[in-house]
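Only a predicted model underlies this, so the values are computations on that prediction, with no experimental measurement involved. Each ligand, and each atom within it, is numbered from 1 in the order the structure gives.
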Amino acid sequence: MSIYTGPVFDMARTQFHRIADHLAIPADERDRLLYPKRAIAVSCPIHRDDGTTAVFQGYRVQHHLTLGPTKGGTRFAPSVDIGEVGALAVWMSWKCALAGLPYGGAKGGVTVNPHTLSRRELEALSRRYMQEMIPFVGPHTDVMAPDMGTNEQVMAWFMDTYSMYQGQTVMEIVTGKPVAVGGTLGRKEATGRGVAYLVERAMGRLGRALSGATAVIQGFGNVGAITAASLDERGVRLIGVSDHTACYADPRGLDVPALLRHVSERGALAGFSTELASDPAELLAMPCDILVPAAMERVIDAGMAQRIDCRVLAEAANGPTTPDADEVLDLRKDIFVLPDILCNAGGVIVSYFEWVQDLQQFFWDEAEVNDRLYRVLQRAFAAVLDRATRDGVSHRTAAMAIGVAKVRDAKISRGLFP
Ligand code: NAD
């Protein structure tokens, strides 16, 4: 009966039912909490550089309207379908509720490999996607942000397209924009900075110093690269890294500033080194203190969960660990899991700050942004650990239980409509 099919939504559904069992949520309340309120599918035609016309499929899923506008990123990737976008929207809801933000979750995307588009084609597709979404989004309805395959420039095109249709500049329609057009200081870095901050807290709980610890990171885009830079600043040694083009390992530690320079000049890790090349299939199993999946969903399945050899698993990506892998991790007491809805929440927290600043037209300095970010993360981290101890459950169950219970309470207070 559901349009939400595929392995990623199956995973979100399985996780939700585990939490609903834990919270003893009655069967007749569950569909209302799990299934998204709205889903929009659009065709986005653009002129290619060679004069032909191409049509790309786009989606936006708004999970619930109970706590305020919906909020969530836009993904440009070949894997995008309604099930993947739906799952990401559901996870956003639990994440926003855990952080105490006045939003429901949303997510959008276009089924496209952005690396195959020229800059002009990417601009045409970004503008066309936003144009198709205009009837369904708004600063108090649904606020977009970047995700895999999109960036500050794409957000600037989204904001400009929406604004031109309104006849005035509407900065607060998207977050993750360039600072020059109403973005906030610290947004680009927020997710990775948040990951590093929480890794520090987790290592502190384990009685371990960060300086001298080792890390492995899968994915070197916005989140992976900033996480690498933030851990490097704290004295962590990056011993393995990959993206979709290359994988490198060095037990003595990779040169993080050189990797960052290479990627900013060349767009990806390929071509950085031949001597340090390593097998990407083995990256996640490398022994290290801190393992950071920062690319895609479902990279840690039950088999990989047996093999990973780290003290802290910092889930910077959304949904990197399958429910089967969770069962393995629950039995392994040696790994401190920072679940995705906590670990990568820095992005949406600072997106919230950006929206607030745009609405007020009153902008903060970067120290204020970071200080407030760390306070929200610390509160959520402490709540998750307290709940896990109190209920004798995993960090993921604790984090999701807090998020689901908040949305449920709001739905019970408001009634059936939202
Ligand atoms: P991005 O597009 O900037 O980077 C994605 C990275 O993953 C790239 O380095 C890409 O090469 C790499 N990658 C893709 N396929 C790979 C593969 N098969 N093996 C190894 N690496 C691969 O995207 P991002 O914004 O950094 O997002 C990464 C993850 O973090 C996603 O799961 C996203 O949903 C999540 N996330 C992002 C934000 C944000 O603020 N951008 C916030 C929260 C969560």
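Residue Asn318 holds the heavy atom nearest to atom 36 (N) of ligand 1 of all those in Asn318, Thr175, Val348. For atom 39 (C) of ligand 1, the candidate residues are Ile341, Thr191, Leu269, Asn344; the nearest heavy-atom contact is made by Thr191. When the heavy atoms of Ala190, Gly149, Gly221 are ranked by distance to atom 2 (O) of ligand 1, first place goes to Gly149. The option from Ala317, Ala294, Pro293 that lies nearest to atom 28 (C) of ligand 1, judged by heavy atoms, is Ala294.
Of the protein's non-hydrogen atoms, Met148 CG, 4.0 Å is the one closest to atom 5 (C) of ligand 1. Considering only non-hydrogen protein atoms, atom 29 (C) of ligand 1 sits nearest to Ala295 O, 3.5 Å. Protein heavy atom nearest atom 17 (C) of ligand 1, with residue, atom name and distance: Met296 CE, 3.6 Å. Considering only non-hydrogen protein atoms, atom 3 (O) of ligand 1 sits nearest to Asn222 N, 2.9 Å. Closest to atom 19 (N) of ligand 1 among all protein heavy atoms lies Asp243 O, 3.9 Å. The nearest heavy-atom contact from the protein to atom 33 (C) of ligand 1 is Asp147 OD1, 3.3 Å.
We find that Arg38 and Asp142 are not joined by a salt bridge, their nearest charged nitrogen and carboxylate oxygen being 4.0 Å or further apart.
Within the 3.5 Å criterion, the main-chain N or O of Asp340 finds a donor-acceptor partner in the side chain of Glu315. In this structure, Tyr162 contributes its side chain and Val174 its backbone to no donor-acceptor pair below 3.5 Å. Although no hydrogens or angles enter the test, the distance criterion places no donor-acceptor pair under 3.5 Å between the side chain of Glu84 and the main chain of Glu297. Checked by atom type and distance alone, the side chain of Lys107 never pairs as donor or acceptor with a backbone atom of Met92 at under 3.5 Å. Without hydrogens or angle criteria, Gln306 side chain to Val328 main chain gives no donor-acceptor distance under 3.5 Å.
Ring geometry, Trp94 versus Phe16: the interplanar angle falls under 30°, so the pair is classed parallel (tilted spans 30 to 60°). The aromatic rings of Phe158 and Phe76 stand perpendicular to each other, their planes meeting at an angle above 60°, with 30° marking the opposite boundary. Using cut-offs of 30° and 60° for the angle between ring planes, the His262 and Phe272 rings count as perpendicular. Relative orientation of the Phe353 and Trp364 rings is tilted, given thresholds of 30° and 60° on the angle between their planes.
Close N/O approach between Lys95 and ligand 1 is not found [any backbone or side-chain N/O within under 3.5 Å]. At least one N or O atom of Phe220 sits closer than 3.5 Å to an N or O atom of ligand 1. Of the N or O atoms in Val223, one or more lie within a sub-3.5 Å distance of an N or O in ligand 1. Distances between N or O atoms of Gln218 and those of ligand 1 include no value under 3.5 Å. For ligand 1, the polar-atom distance check finds an N/O of His244 within less than 3.5 Å of one of the ligand's N/O atoms.
Less than 4.0 angstrom separates some heavy atom of Ala316 from each of these atoms of ligand 1: 30 (O), 35 (C), 44 (C). Of all the atoms in ligand 1, the ones that sit under 4.0 Å from a non-hydrogen atom of Ser242 are 20 (C).
Of the inter-residue distances, the one linking Arg32 atom CZ with His64 atom NE2 reads 10.5 Å to the nearest 0.5 angstrom.
Neither the backbone nor the side chain of Pro280 has a heavy atom within less than 4.0 Å of ligand 1. Only side-chain heavy atoms of Arg187 come within less than 4.0 Å of ligand 1; its backbone N, CA, C and O stay farther off.
Under a 4.0 Å heavy-atom criterion, Arg75 is in contact with ligand 1.
Side-chain contact between Leu34 and His17: present, with at least one pair of heavy atoms (C-beta onward) separated by less than 4.5 Å.
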